[in-house]
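Working notes, structure below.
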Amino acid sequence: MIYQIDYISDQLRVKGYLGFPPDTSIDTIKAMLQHIQRMDQVCVMNTLACSLHHRSASGDLHKDTASLPSSDAGACPVQASDLDTRHDAPRTLDLQSADGLAYGHHDQSGTNHGENIPDTGQPGVAGLNADTLAGSQVVSSPGKVKFPLIIYCRGGIGRVGAVKLKWIEEFAAQGYIVFAPAYRGNEGSQGRDEFGGSDTHDVLTAIHWLSQLAWIDSARMHMLGFSRGAINAAQAAVRCSHISRLILWSGVSDLTQTYEERIDLRRMMKRVIGGTPNKVPDKYRQRSPLHLAEQLRCPVLLVHGTSDELVAIEHSHRMLHRLKELRYHVDAHFYLGLRHHFPALQHAAAIERMFDWLKSPVPYP
């Protein structure tokens, strides 16, 4: 099952998508959603789709031919509407996390600036009261079941390259909880996407609250960045010690190279990054995984088609060379003749091979 999660990042309401493995018990899903609903600055908003597999009333697994949109989500055993979303008086958001790390903006006096989110009448962050689940008592204890986690960083910007719900389902089918942030300025989120700038904080904020869930195995928290998402994933892996493995799939490694290659993207890149590589070289370097390589501290897997028409294979070749030069652990799954988006059969095979790498108990040879 996939659920829309709204959360606060830098005073902005940001959207993300949370997927569960298809054989997760109903009680475990309800318990985890209830725990998320009680978190400060996080809210379960909508049931988006059922998994490719779901349990029948008898507990058997059945396969659907396609995911269900939210309007047809009745087959999902747990829906967002099951949660108690009664609204009390709107409250001022306190962007101070439980461990003292601030996620809001601070002025020089140290004041944390929150904002009042109005009560919209819809499930949301303001005034959230989620003490109960409708019609069911949760019996699953936190920490009784531990799941590995994948943070999936989408590609593109705006309507191009939106989060792929099918990917969430495919990853979750491997037994992983999956979370995909949409980034600020995308898919209904507030703010402005900076193509690997402050939007990376949306990824870090998600990692923070996800790491507080007792059901998440803190030793198996992985990052996957597709296309442009490689920028956000690499930065998050550098800045967050929780991340144990990093996958860059058809990933950008050098944003200056992208600017040179993709004439069709230059106008957008100048607008969201703040200029050309010649004008603001540091902003391009700070966003480029190639220039972050020496700061990585986890095994890396590169997945790429050799005929990629949008992100040239040279991006992964250069990243591979740099990581080997640093004597870091890196593996590469390169696919001869494949383009940016793999055909269905090759895509499925690439996912299986990728999860073989993730599930290996020692760094994959």
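Side-chain atoms are counted along with the backbone in the values below, which use heavy atoms only and exclude waters and symmetry mates.
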Aromatic contact between [X] and [Y], with the criterion being ring centroids under 6.0 Å apart: yes or no?
{"X": "Phe179", "Y": "Trp209", "result": "yes"}
{"X": "Trp249", "Y": "Tyr152", "result": "no"}
{"X": "His291", "Y": "Tyr284", "result": "no"}
{"X": "His333", "Y": "Trp357", "result": "no"}
{"X": "His341", "Y": "Phe226", "result": "yes"}

Between the main-chain N or O of [Y] and the side-chain N or O of [X], is there a donor-acceptor pair closer than 3.5 Å?
{"X": "Gln190", "Y": "Leu12", "value": "no"}
{"X": "Lys324", "Y": "Met319", "value": "no"}
{"X": "Ser253", "Y": "Leu290", "value": "no"}
{"X": "Arg266", "Y": "Tyr259", "value": "yes"}
{"X": "Tyr183", "Y": "Ile157", "value": "no"}

Among Phe171, Phe147, Phe355, which residue meets the ring pair (Phe, Tyr, Trp, His ring centres under 6.0 Å) test with Tyr176?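 Only match with Tyr176 under ring pair (Phe, Tyr, Trp, His ring centres under 6.0 Å): Phe355.
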
Give me the one residue out of Phe342, Trp167, Tyr335 that meets ring pair (Phe, Tyr, Trp, His ring centres under 6.0 Å) with His347.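 That would be Trp167; it is the only one of Phe342, Trp167, Tyr335 passing the ring pair (Phe, Tyr, Trp, His ring centres under 6.0 Å) with His347.
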
Taking Arg184 as the fixed residue, which of Asp10, Asp199, Asp6, Asp193 is the one that meets the salt bridge (Lys or Arg N to Asp or Glu O under 4.0 Å) rule?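 Per the salt bridge (Lys or Arg N to Asp or Glu O under 4.0 Å) rule, the option paired with Arg184 is Asp10, out of Asp10, Asp199, Asp6, Asp193.
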
The single option from Arg285, Arg318, His315 passing side-chain hydrogen bond (donor to acceptor under 3.5 Å, both in side chains) against Asp254: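 For Asp254, the side-chain hydrogen bond (donor to acceptor under 3.5 Å, both in side chains) check succeeds only for Arg318.
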
Which heavy atom of [X] sits nearest to which heavy atom of [Y], and what is that distance?
{"X": "Asp202", "Y": "Ser9", "result": "OD1-OG, 2.7 Å"}
{"X": "Ala180", "Y": "Ile168", "result": "CB-CD1, 3.9 Å"}
{"X": "Gly158", "Y": "Asn186", "result": "N-OD1, 2.5 Å"}
{"X": "Glu261", "Y": "Ala312", "result": "OE2-CB, 3.8 Å"}

Min side-chain heavy-atom separation [X]-[Y] under 4.5 Å:
{"X": "Lys15", "Y": "Met45", "value": "no"}
{"X": "Tyr3", "Y": "Ile29", "value": "yes"}
{"X": "Ser307", "Y": "Leu338", "value": "no"}

Measuring from [X]:[atom1] to [Y]:[atom2], what's the distance to the nearest 0.5 Å?
{"X": "Leu310", "Y": "Thr258", "atom1": "CG", "atom2": "OG1", "value": "10.5 Å"}
{"X": "Lys30", "Y": "Thr24", "atom1": "NZ", "atom2": "OG1", "value": "14.0 Å"}
{"X": "Cys298", "Y": "Tyr328", "atom1": "SG", "atom2": "OH", "value": "10.5 Å"}

Check ion pair Glu170-Lys166 (N to O, under 4.0 angstrom):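 So Glu170 pairs with Lys166 through a salt bridge.
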
For Asp264, enumerate each residue passing the side chain to side chain donor-acceptor pair (under 3.5 Å) test, keeping only those at least two apart in sequence or located in another chain.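 Checked Asp264 against side chain to side chain donor-acceptor pair (under 3.5 Å); matches are Arg262.
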
Could you work out, with side chain to side chain donor-acceptor pair (under 3.5 Å) as the rule, every residue matching Ser227, not counting sequence neighbours?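 With sequence neighbours excluded, Ser227 shows a side chain to side chain donor-acceptor pair (under 3.5 Å) to His340, given in chain and number order.
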
Tabulate below the donor-acceptor pairs under 3.5 Å that side-chain atoms of residues 270-277 make, not counting sequence neighbours, or state none.
{"residue": "Thr276", "atom": "OG1", "partner": "Asn278", "partner atom": "N", "Å": "3.4"}
{"residue": "Thr276", "atom": "OG1", "partner": "Lys279", "partner atom": "N", "Å": "3.1"}

